[in-house]
Amino acid sequence: EAIQEKATEKAEVVGQSGVTKLRNTSPERTGSYKSGWRLKRLGKGYAIHNATNYQLTHLLEKPHLQRDGSMSSAIVHIKPVEEQVIREYVNEVRRVIANET
């Protein structure tokens with residue numbers, strides 16, 4: 001139980017750092033998309049999402065066909081942060097388990 005509580009605390013801390021990284025690496029046209037990143041509690045876990053312009057996340061991350069027939073270029077900014085947050089969380093949980101046993 002103690003490990004689970006500490007793991008949940010670490011998830012929140014790592015999640016907030018992920019939100020900060022996404023705000024720093026997101027493309028900025030008006031600033032609304034960039035400042036829309038939030039950390040949301042889902043049951044016992046957390047999710048990072050864009051509260052203001054959630055529709056743009058897929059369009060910016062993946063290339064897609066535009067109205068004029070050309071392909072847009074992808075601005076990959078979510079995937080690297082996602083991978084980094086997962087690595088940080090796994091390392092933190094391993095550290096918590098090592099300290100508790």
Side-chain angles (χ1 to χ4, degrees):
E1 207 172 285
I3 292 174
Q4 189 175 11
E5 287 178 21
K6 288 183 181 181
T8 304
E9 291 172 10
K10 296 296 182 182
E12 184 176 9
V13 170
V14 171
Q16 281 297 337
S17 72
V19 168
T20 303
K21 289 172 190 166
L22 276 170
R23 285 183 181 164
N24 291 334
T25 60
S26 292
E28 180 179 9
R29 182 178 281 176
T30 64
S32 174
Y33 176 76
K34 190 174 190 169
S35 63
W37 292 106
R38 306 278 190 277
L39 184 67
K40 182 178 184 178
R41 179 85 189 236
L42 297 174
K44 293 183 181 182
Y46 289 89
I48 298 173
H49 69 105
N50 195 303
T52 57
N53 297 89
Y54 60 89
Q55 307 91 335
L56 291 178
T57 57
H58 181 75
L59 293 173
L60 289 171
E61 191 77 7
K62 310 278 186 199
H64 60 278
L65 192 62
Q66 295 180 337
R67 285 192 284 177
D68 64 359
S70 65
M71 290 294 288
S72 70
S73 59
I75 304 171
V76 181
H77 60 287
I78 300 171
K79 186 72 171 170
V81 174
E82 175 192 12
E83 292 170 353
Q84 186 177 7
V85 165
I86 290 170
R87 277 194 310 271
E88 285 179 22
Y89 179 67
V90 169
N91 290 337
E92 290 294 327
V93 170
R94 285 183 180 158
R95 213 172 286 139
V96 165
I97 292 171
N99 289 340
E100 288 293 322
T101 56

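Quick note: numbers below take in every heavy atom, side chains included, and nothing from hydrogens, waters or symmetry partners.
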If you measure from [atom1] on [X] to [atom2] on [Y], what distance do you get to the nearest 0.5 Å?
X: H49; Y: L22; atom1: NE2; atom2: CG; answer: 12.0 Å
X: L56; Y: K34; atom1: CG; atom2: NZ; answer: 14.5 Å
X: S70; Y: L65; atom1: OG; atom2: CG; answer: 7.5 Å
X: I3; Y: K6; atom1: CD1; atom2: NZ; answer: 8.5 Å
X: S72; Y: H64; atom1: OG; atom2: NE2; answer: 3.5 Å
X: R94; Y: K10; atom1: CZ; atom2: NZ; answer: 15.5 Å

Provide the closest heavy-atom pair for [X] versus [Y] in the form atom of the first, atom of the second, distance.
X: K79; Y: V76; result: CB-CG1, 4.1 Å
X: A47; Y: L42; result: CB-CD1, 3.4 Å
X: I75; Y: P27; result: CG2-CG, 4.0 Å

query = Excluding sequence neighbours, so at least two apart, what forms salt bridge (Lys or Arg N to Asp or Glu O under 4.0 Å) with E5?
reply =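 Applying salt bridge (Lys or Arg N to Asp or Glu O under 4.0 Å) to E5 gives none.
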
inquiry  = R95: which residues meet the salt bridge (Lys or Arg N to Asp or Glu O under 4.0 Å) condition with it, sequence neighbours left out?
reply    =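 So R95 forms a salt bridge (Lys or Arg N to Asp or Glu O under 4.0 Å) with E92.
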
key: Partners passing side chain to side chain donor-acceptor pair (under 3.5 Å) against E83 (at least two apart in sequence or in another chain)   =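 Partners of E83 by the side chain to side chain donor-acceptor pair (under 3.5 Å) criterion come out as none, since no residue qualifies.
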
ask   = Who are the side chain to side chain donor-acceptor pair (under 3.5 Å) partners of Y33, not counting sequence neighbours?
value =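 With sequence neighbours excluded, Y33 shows a side chain to side chain donor-acceptor pair (under 3.5 Å) to H77, given in chain and number order.
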
ask   = So does E61 have more than 12 non-hydrogen atoms from other groups sitting under 6.0 Å from CD?
value =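 Yes.
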
query = Taking it one step at a time, do T25 and V81 satisfy side chain to side chain contact (heavy atoms under 4.5 Å, CB included)?
reply = CA-CA 9 Å; T25 60; V81 174; 4.0 Å; yes

key: Option among N53, T52, N24, I48 that satisfies the side-chain contact (heavy atoms from CB on, under 4.5 Å) test with W37   =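 Output: one option passes, namely I48.
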
task = Apply side chain to side chain contact (heavy atoms under 4.5 Å, CB included) to V93 and list each qualifying residue two or more places apart in sequence or on a separate chain.
result =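 Residues passing side chain to side chain contact (heavy atoms under 4.5 Å, CB included) with V93: A7, Y89, I97.
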
key: Set of side chain to side chain contact (heavy atoms under 4.5 Å, CB included) partners for Q84, sequence neighbours left out   =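 Partners of Q84 under the side chain to side chain contact (heavy atoms under 4.5 Å, CB included) test: K21, R87, E88.
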
inquiry  = Could you tell me if the side chain of R38 sits less than 4.5 Å from the side chain of N50, heavy atoms only?
reply    =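 N50 vs R38: side chains apart.
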
